[in-house]
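Order of the sequence lines sets the chain letters (A, B, ...), proteins ahead of strands, with each chain counted from 1. Only a predicted model underlies this, so the values are computations on that prediction, with no experimental measurement involved.
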Amino acid sequence: MNTQEALFKYCCRIGDNSLVLGHRLSEWCGHGPILEEDIAMINIALDQLGQAKTILAYAGEVEGKGRNEDSLAFLRTEREFSNAILTEQPNGHFGTTIARQFFMDVFNYYFYHDLHFSKNETLADFAEKSLKEVTYHMRHTSEWMIRLGDGTEDSHEKIQEAIDDLWMFTGELFKMDEVDEVLIAEGIAIDLNKIKGQWSAKVHEILTEATLSIPDENMWMQEGGKQGSHSEHLGFLLAEMQSMQRTYPNMEW
Amino acid sequence: MPIVFHTSNIYKILEEVKDPEVPVISIIDLGIVRDVALVEDSLHISITPTYSGCPAMKEIEEDIKSVLHEIGFDKVKIITVLSPAWTTDWLSKEGREKLRAYGIAPPVGTSVDKSALFAEPKKISCPQCSSENTKMISQFGSTSCKALYSCEDCKEPFDYFKCI
């Protein structure tokens, strides 16, 4: 794999995580438990879609085959999407959404923090911008983890269940393959092993304060999303997200 | 070319372009215009987005082109610059006053370390009655750039242009 191919895939992984997570959050529009939280989730969704747009546009440039952010978002099939399986998991109840978002926010916070030092200027600039946004996302979801965990018996039970259910998808975030290796050698990508320790420490800190128990990090972890093997949920998500382009090919807004 | 090219002229003209979501402040007040340059016969305007997903950016780009077309610049290229990332520190003094007069509390202080969790201890004064006895309802508001506050004295809710 050459640098260009690896860089295209690397950008797609980052962009697909943001796009799929942003789409999932947008499903809450009009359904939030309270108005302020409805607005909050949609604000975060908007940031994620904006990040996806920026990085997928760059992925298209790197690839050099004339694809832009729209064609990458709307004209690829499930197997061509490379988001982590965690991001496509259904919203479930409010606690499930918050737990999923919290795991991703903490990951993105440390990820962008390091990517900011990438030798690839576009990635470094993108990371600098995204870090600002992810910082307040993480603050928001951390507050909710504590509030739900250290809240009522019911909220505690529900958020614990969400953590336990989603835990097996967290390992994939730190899995590296040839794409990472090629780009790490060039000083472009970052070493996810380093992020893993930081992620773990922050998750421990927040869950402990939230009086929640932390699942075993050495348990079996589901992976494959980065290489295009997804859970069944992504197909349904894309069917909705891409429905306009599938029904009216090449339509423009 | 209709007018003698001088960047200060262009900045002056760009003051006519307002933020579509907060129509009292211009893109110059917002501090999103990073550079103006004439490259051959084409005018290059570099702007930086306030937030990655801000839907106003597209409209702002169109508005910039339109005011410049009006004075005779047919070739205008908009360049998006991500670094250094936009910060509310770039909001002009006049811009802050215009926000307050419009009913939006301007950002307080500078956007230094925001990594500390749960930290929003600043006193935000109510744009209606100036009381500092206010509380945050939500760090997310009607647009990406605002948080929702309410005043404990005059009991009015208000938007706060949050600090990033």
Side-chain angles (χ1 to χ4, degrees), chain A residues 15 18-19 22 25-26 32 34-55 57-58 105-106 109-110 112-113 116 121-147 202 205-206 209 253, chain B residues 21 32 34 46-62 78-90 107 110-121 135-150 157-164:
Chain A
S18 285
L19 178 63
L25 284 176
S26 77
I34 50 169
L35 184 60
E36 288 78 6
E37 201 43 40
D38 196 292
I39 293 170
M41 285 192 282
I42 303 313
N43 261 277
I44 296 173
L46 192 60
D47 286 339
Q48 306 239 235
L49 290 179
Q51 291 165 10
K53 180 174 184 282
T54 305
I55 200 70
Y58 179 58
D105 288 345
V106 176
Y109 178 78
Y110 292 109
Y112 288 135
H113 195 276
H116 181 202
E121 211 180 312
T122 307
L123 284 183
D125 291 355
F126 164 74
E128 181 187 344
K129 181 76 199 159
S130 302
L131 181 62
K132 282 198 167 201
E133 295 164 353
V134 164
T135 303
Y136 60 74
H137 299 169
M138 183 171 79
R139 189 187 315 149
H140 185 71
T141 47
S142 299
E143 283 175 352
W144 269 113
M145 291 302 283
I146 295 167
R147 196 188 293 187
K202 175 56 86 180
E205 178 200 324
I206 300 295
E209 194 176 339
W253 199 241
Chain B
E21 282 170 351
I32 64 173
R34 306 310 302 153
S46 301
I47 56 172
T48 190
T50 50
Y51 289 79
S52 299
C54 181
M57 292 310 291
K58 188 79 194 156
E59 207 173 322
I60 288 172
E61 288 181 20
E62 296 303 318
I78 310 286
I79 300 163
T80 304
V81 184
L82 292 180
S83 177
W86 180 79
T87 158
T88 35
D89 300 348
W90 295 347
T110 54
S111 63
V112 277
D113 186 17
K114 297 290 285 179
S115 59
L117 276 181
F118 322 130
E120 198 77 35
K135 67 168 186 194
M136 184 172 76
I137 306 287
S138 171
Q139 50 166 330
F140 298 92
S142 55
T143 64
S144 304
C145 52
K146 290 177 238 150
L148 190 59
Y149 273 70
S150 103
F158 66 91
D159 278 331
Y160 168 57
F161 206 95
K162 66 190 175 201
C163 216
I164 67 160

Engineer: Taking all non-hydrogen atoms of both residues, which atom of A/N43 and which atom of B/S144 are closest, and how far apart?
Structural biologist: OD1-CA, 3.2 Å
Engineer: Compute whether any side-chain donor of one residue and acceptor of the other, for A/Q51 and B/S52, lie under 3.5 angstrom apart.
Structural biologist: no
Engineer: Roughly how far, to the nearest 0.5 Å, is OH of B/Y51 from NZ of A/K132?
Structural biologist: 8.5 Å
Engineer: Grab the two heavy atoms, one from B/S83 and one from A/D125, that are nearest each other, plus how far apart they are.
Structural biologist: CB-OD1, 3.1 Å
Engineer: Which bit of B/T143 comes within less than 4.5 Å of chain A, counting heavy atoms only: side chain, backbone, both or neither?
Structural biologist: backbone
Engineer: Out of curiosity, B/M57 CE to A/K53 NZ, how far, rounded to the nearest 0.5 Å?
Structural biologist: 9.5 Å
Engineer: Quick one, B/C54 and A/L46 - any side-chain contact, counting heavy atoms below 4.5 Å?
Structural biologist: no
Engineer: What part of A/L49 lies closer than 4.5 angstrom to a heavy atom of chain B: side chain, backbone, both or neither?
Structural biologist: neither
Engineer: Roughly how far apart are B/Q139 CD and A/E36 CD, rounded to 0.5 Å?
Structural biologist: 12.5 Å
Engineer: Assess whether side-chain contact (heavy atoms from CB on, under 4.5 Å) is satisfied between B/L82 and A/E128, documenting all intermediate values.
Structural biologist: CA-CA 8 Å; B/L82 292 180; A/E128 181 187 344; over 6 Å; no
Engineer: Could you list the residues that satisfy ring pair (Phe, Tyr, Trp, His ring centres under 6.0 Å) with B/F140, not counting sequence neighbours?
Structural biologist: A/Y136, A/H140
Engineer: Has the side chain of A/K129 got a donor or acceptor atom that lies under 3.5 Å from a matching backbone atom of B/P49?
Structural biologist: yes
